Number of protein chains: 2
Amino acid sequence: MTASTSPLDLDNQLCFALYRASHAVVRAYKSELDQLGLTYPQYLVMLALWQESKPQGVGQLGDLLGLDSGTLTPVLRRLEQRGLVVRRRDEHDERRRLIGLTDAGRDLRALAEKVPEKIAARFPMQGKDYHQLMAQLGDIAQAFDSDR
Amino acid sequence: MTASTSPLDLDNQLCFALYRASHAVVRAYKSELDQLGLTYPQYLVMLALWQESKPQGVGQLGDLLGLDSGTLTPVLRRLEQRGLVVRRRDEHDERRRLIGLTDAGRDLRALAEKVPEKIAARFPMQGKDYHQLMAQLGDIAQAFDSDR
DNA sequence: CACAACTATATTGCGCACAATCTAAATGTG
DNA sequence: CACATTTAGATTGTGCGCAATATAGTTGTG
């Protein structure tokens, strides 16, 4: 066998395992999200808005999703163009933009409900292992995002 | 408490946990990789080349990394511009490009050796949990990449 | 050998990600 | 109240990531 044990081997890198798994899962979402007319980051923004129910500032969405305004501003503009969200000024602080759902944005939730279960069925682990993995990933995100 | 249990909640989505953790770790690599003059995907390509030792075709690198030529071609061009790789034609099949390391590319490995340990020290789990997580992520990548 | 089918890589176009910078609005201090 | 500081978001520039398409080289079949 030629499998090496170098510390730089791809198969030994947790960073690469994360990177590859994340991209693979996002690709799997694509065929489902195409039917909703959403990209994956757009879907995440919609999840955040459905979850919070009240209009959110760009910074609040960024905290929820781990993204900054340079990423979110164009994503939100495209969601606005598709008529799913509105971006109005905060009356009490004109620097802030409040991102709220339109009726069409709220209605889309019913369709989106069916997406996760289709994907979840393909995950190779279930139940306890699934939740343990979620917890570990949460710990990693927190550990590495603490210094931002 | 206001924590909801909707199936669409961000905190219940394994896809989001993966997405967030992966981006957080890539960001953590940035400060280390800046010192090598590499981006994260460029670093992955170098890992693949260091590991294989023989020049690789674009498609072979793509299989190793889970990326296609649309992504790899410009990455490889930039690595060539920095003098780390060469891209020559395969004499026996002029359609193929063989990507090989330059002396500078080989030399960079010594510096890169020190990167993973600095990052690994920050992972909130070690030993057994670490390896179990690696295995689970590998299973996910395989399960979702099988249909490409 | 002609030529259709196939294969490897490159190109194009769009949409993120993110650092650095900019603008405007709010806040603190004397 | 003047004015420096801070804060929220937008803008700019670079580099992925990927689908769709294009191009050139190779192989199979008659």
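Keep in mind the model is a prediction, meaning the values are calculated, not measured. Per chain, numbering begins at 1; letters A, B, ... match sequence-line order.
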- request: Check whether the side chain of A:Ser69 and the base of D:dA8 form a donor-acceptor pair under 3.5 Å.
  value: no
Compare side-chain N and O positions of [X] against OP1 and OP2 of [N] and report whether any pair is under 4.0 Å apart.
| X | N | value |
| --- | --- | --- |
| B:Arg77 | D:dT14 | no |
| B:Thr73 | C:dA10 | yes |
| A:Arg27 | D:dC18 | yes |

statement: Contacts of A:Arg78 and B:Lys30 projected onto DNA chain C by closest heavy atom; the upstream (5') one is A:Arg78
Take the protein atom [atom1] of [X] and the nucleotide atom [atom2] of [N], then report the distance between them rounded to whole Å.
| X | N | atom1 | atom2 | value |
| --- | --- | --- | --- | --- |
| B:Leu72 | C:dT11 | CG | P | 14 Å |
| A:Leu67 | D:dG9 | CG | C1' | 15 Å |
| B:Arg96 | D:dT23 | CZ | C1' | 18 Å |
| A:Phe144 | C:dA17 | CZ | P | 19 Å |
| B:His23 | C:dG15 | NE2 | C1' | 12 Å |
| B:His92 | D:dA24 | NE2 | C1' | 19 Å |
| B:Asp68 | C:dA10 | CG | P | 12 Å |
| B:Arg89 | C:dT9 | CZ | C1' | 7 Å |

Reckon [X] touches a base, only the sugar-phosphate, or nothing at all at heavy-atom distances under 4.0 Å?
| X | answer |
| --- | --- |
| B:Arg87 | sugar-phosphate |
| B:Asp93 | sugar-phosphate |
| B:Val26 | nothing |

Can you name the atoms? Protein N/O to nucleotides 1-7 of chain C N/O, anything below 3.5 Å, with the distance.
from, atom 1, to, atom 2, distance (Å)
C:dT7, O2, B:Arg95, NH1, 3.0

Name all residues meeting the side-chain contact (heavy atoms from CB on, under 4.5 Å) criterion together with [X]; count only those two or more places apart in sequence or in a different chain, and write none if there are none.
| X | answer |
| --- | --- |
| A:Glu94 | A:Arg89 |
| B:Leu36 | B:Leu33, B:Leu38, B:Leu108, B:Leu111, B:Ala112, B:Val115 |
| A:Ala48 | A:Leu61, A:Leu64, A:Leu65, B:Leu10 |

5′-ward residue of the pair A:Ala24/B:Arg82 relative to DNA chain D: B:Arg82
field: Position toward the 5' end of DNA chain D (nearest nucleotide), A:Tyr19 or A:Gly70
entry: A:Gly70
[X]: side-chain hydrogen bond (donor to acceptor under 3.5 Å, both in side chains) partners, not counting sequence neighbours:
| X | value |
| --- | --- |
| B:Arg78 | none |
| B:Asp11 | none |
| B:Lys30 | B:Asp34 |

query: B:Val85 and B:Met46: which non-hydrogen atoms are nearest, and at how many Å?
result: CG1-SD, 4.1 Å
task: Scan residues 39-48 of chain A against DNA chain C and write down, sorted by residue number, each residue with any heavy atom closer than 4.0 Å; if none is found, say none.
output: A:Thr39, A:Pro41, A:Gln42
- prompt: Among residues 53-60 of chain B, which contact DNA chain C at a heavy-atom distance under 4.0 Å?
  reply: B:Gly57, B:Val58, B:Gly59
query: Under a 4.0 Å N-O cut-off, is there an ion pair linking B:Asp90 with B:Arg95?
result: no
- prompt: Who passes ring pair (Phe, Tyr, Trp, His ring centres under 6.0 Å) against B:Phe16, sequence neighbours left out?
  reply: none
- prompt: Measuring from A:Gln136:CD to B:Tyr130:OH, what's the distance to the nearest 0.5 Å?
  reply: 12.0 Å
message: In terms of relative ring orientation, are B:Phe144 and A:Phe123 parallel, tilted or perpendicular, with 30° and 60° separating the classes?
response: perpendicular
Please output the side-chain donor-acceptor pairs of residues 97-105 of chain A that fall under 3.5 Å, not counting sequence neighbours, one pair per line with the distance.
from, atom 1, to, atom 2, distance (Å)
A:Arg97, NH1, A:Arg87, O, 3.2
A:Thr102, OG1, A:Gly83, O, 2.6
A:Thr102, OG1, A:Leu84, O, 3.2
A:Thr102, OG1, A:Ala104, N, 3.4
A:Thr102, OG1, A:Gly105, N, 3.0
A:Asp103, OD1, A:Arg106, NH2, 3.4

Sequence-distant partners of B:Glu52, salt bridge (charged side-chain N to carboxylate O under 4.0 Å, His left out), two or more places apart: none
